[in-house]
> 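One structure is given below, represented as structure tokens, and several questions about it will come after.
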Number of protein chains: 2
Amino acid sequence: MVKLTDVARAAGVGYGTASRALSGKGPVGGDARTRVLEAARSLGYTTDATARALRERRTRSVGLIVPDMTNEFYTASAEVLQEVLRAAGHHLLVATTGNHPGREQEALQEMAARRVDGVVHVPSGATAIQPSPVPVVELNRYSGRNVPAVVSDDYNGVKELTQLAIDAGHTDIAAIVGPDAYSTSRDRLAGFRAAAQQAGFDENAATGRRLRVVSTDFTAEGGARAMRTLLADPPQAILPLSSRLVMGVLRTTREAGISVPDDLALAGYGDPDWFEIWGSGITTFAPPLAEMGAQAAKLLLDLINGDQPAPAVHRIPGVLRIRGTLGKGTPAKHSD
Amino acid sequence: MVKLTDVARAAGVGYGTASRALSGKGPVGGDARTRVLEAARSLGYTTDATARALRERRTRSVGLIVPDMTNEFYTASAEVLQEVLRAAGHHLLVATTGNHPGREQEALQEMAARRVDGVVHVPSGATAIQPSPVPVVELNRYSGRNVPAVVSDDYNGVKELTQLAIDAGHTDIAAIVGPDAYSTSRDRLAGFRAAAQQAGFDENAATGRRLRVVSTDFTAEGGARAMRTLLADPPQAILPLSSRLVMGVLRTTREAGISVPDDLALAGYGDPDWFEIWGSGITTFAPPLAEMGAQAAKLLLDLINGDQPAPAVHRIPGVLRIRGTLGKGTPAKHSD
DNA sequence: CTGTTAGCGCATTCAC
DNA sequence: GTGAATGCGCTAACAG
């Protein structure tokens, strides 16, 4: 591996001069500069990032800690996050946790040991995570720790989604949500309840406008199970409040021979590609994943830069996608 | 940040002794060892990975270079890849290229500059990539460079898939593939042609058993476009040979009011979750993405370990998923 | 403007 | 078995 001394020798200049010429920092004679650059190019020199990191006390890398890499809900944000950070000269160290708090803590420590300049973290829950020596921004979910977070405005999004189901004329509506430990579960559920109760829906009412809530894992299997239990007394409309839950619900309705939306209306959450082409199209609330990733990246860059933004939860609005699964009564347009 | 000297002082031992105690390499008195470990724990010491990397000349990190992070085709492999590497003490540095050769080269250089121990690379094409100073394993696609690659056995998989379509009684079959620059396009197309020609299908035949091939981008939009052109003279069966192409084809048939499989039979490639619940279920060839990721990881670990496996293309067999989109004539079971 | 030097934190080699 | 010294490649501070 060719190093700085090699370049300096080839260019016939001193060690420090070569360094300054390459980095562009500090004064260097125009003549010497070109000689160094030329020598570096012809020798194929590239700065050793490990040595530079040790000396500069920063790595120009940031950690990304997510539950898993196969969920569009995380990767869609991660993609643009990576883009923004790369443009700022930072590269991405990725760790997955499988939503396991132990591995989450482990990943955080590993990132610290590697001296990343910052971390973007999708927290598993409200479990007591040790304060990190590096700047942290939370993404998608917030843990309640004293760090900034960037999330979708699920409360209002799901509230509007629920209103849509109500407007379509359904009087018996059930929502499926994930574990209460996640802020996403709580926010979405709160939005659902707000809209339903405001419209006079009553929890577990035997007659009249009835709302129900089933809580399960944020997985397809969880959604399938929840739907199966609901089958004993099926609602008119089902709101599986994550794309994986939608997946699970559709597996169950398919097995049970239930037609969506003819037998059962449905409104979902998230907007993976296939929502558009499934049946008559799945009506859903689409969180602004790309914007969230960009926001998180910018926030983290600010933090790294030494700014101290007030730790707060940034809620970014998403959009409603009105398609066919809510049935005939769906208004052509609801939100702006 | 607490460092080794702090630990040594707290434990009342010398510098080197502390280092040996922590790393477990080299002789250390049982007494001193426990004192050091205790001091390290209570001070919250974690060894500085940047300093260690500089000294040891290895980073215990490997690079992953993929076109993008939102495609299940890459992330499903990446997930288990990451798992295997993590178990071996390596962490993952991720870069995306958008299939752009320039950014691919850039990413490779960046990884080299960061002194990763190895790189797993999904190559964009056969573009002349500079030989890398670090071990490289190719994943999903092979570039023809002299490095080992781990891919799905697309040739045989698509051949069997095509046979399935033929067995179902279709006599006018069209395949949609991606750019010829990718090994995946070529292998899948070869499998398709082999099965069709063997069954007496003729390219561009006006009558009798007819096969057609449309080449386009490996994107949903590309698939939609290809399908639209095919609409002028629709085949009986369509084989979009990537999950994104399937997505695009279904967008077009949906817009055009064409029913799959009643008006048009379809067999796809890949197996994202939604294939199972779309309509009557999408019949498809599912590449062994998880195994591929594991294999690539193991191969890279061997390379890092100094082994020199013959650079070869490892083709791992996938499985056929027989569902509903090939129409009534589909045999209940075809492959083992 | 330029060359020399110190030291980032650690693993390792060498005397003891 | 242990402690001290060396140097990994680089940037920054300093002396010329």
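Letters go in sequence order (proteins before strands), and every chain restarts at 1. Note: hydrogens, waters and symmetry copies are ignored here, and every other heavy atom, side chains too, is used.
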> Check each residue of residues 108-119 of chain A for a non-hydrogen atom within less than 4.0 Å of any atom in DNA chain C, then write out the ones that pass by number, or none.
none
> Between A:Leu4 (CG) and D:dC8 (P), how many Å, whole number?
13 Å
> Please determine whether the number of non-hydrogen atoms from other residues, nucleotides or ligands lying under 6.0 Å from atom CG of B:Asn146 exceeds 12.
no
> So that I can tick it off, tell me whether A:Arg86 and A:Glu83 are bridged by a salt bridge, with the cut-off set at under 4.0 angstrom between side-chain N and carboxylate O.
yes
> Side chain of B:Arg55 only, heavy atoms from C-beta on: which candidate in D:dT2, D:dT6, C:dG3 is closest?
D:dT6
> Any side-chain N or O of B:Tyr15 below 4.0 angstrom from OP1/OP2 of C:dT13?
no
> Nearest of C:dC10, C:dG3, D:dT2 to any side-chain atom of B:Ala32?
D:dT2
> Below the 4.0 Å mark, does D:dT11 have OP1 or OP2 next to a side-chain nitrogen or oxygen of A:Ser19?
yes
> When we call it a touch if two heavy atoms are under 4.0 Å apart, what does B:Thr50 touch: a base, just sugar-phosphate, or nothing?
nothing
> Expressed as a whole number of angstroms, how long is the span from A:Asp48:CG to D:dG7:P?
18 Å
> For B:Arg115 and B:Thr59, does a side-chain donor sit closer than 3.5 Å to a side-chain acceptor?
no
> Rounded to the nearest Å, what distance is computed from the OH atom of residue B:Tyr45 to the C1' atom of nucleotide C:dA11?
10 Å
> Can a side chain N or O of A:Thr17 be found less than 4.0 Å away from OP1 or OP2 on C:dG3?
yes
> May I have the distance from A:Leu54 (atom CG) to C:dA6 (atom P), rounded to whole angstrom?
17 Å
> Please tabulate, one pair per line, each protein N/O and nucleotide N/O from nucleotides 14-16 of chain C that are separated by under 3.5 Å, including the distance.
none

> Please determine, by modelled atom types, if B:Ser143 and B:Glu138 share a side-chain donor-acceptor pair under 3.5 angstrom.
yes
> Would you please confirm or rule out a distance under 4.0 Å between OP1 or OP2 of D:dC8 and any side-chain N or O of B:Arg57?
no
> Return one dot-bracket line describing DNA chain D 5' to 3' (Watson-Crick or G-U wobble pairs, both distances under 3.5 Å; ( ) same strand, [ ] crossing, | another strand, . none).
||||||||||||||||
> Please give me the minimum heavy-atom distance between A:Asp6 and A:Met1, naming the atom from each residue.
OD2-O, 4.4 Å
> Starting at atom NZ of B:Lys3, determine the distance to atom P of C:dG7, rounded to an integer number of angstrom.
11 Å
> Under 3.5 Å, is there a donor-acceptor pair linking the side chains of A:Arg145 and A:His121?
yes
> Output the rounded distance in Å from CZ (B:Arg58) to P (C:dA11).
11 Å
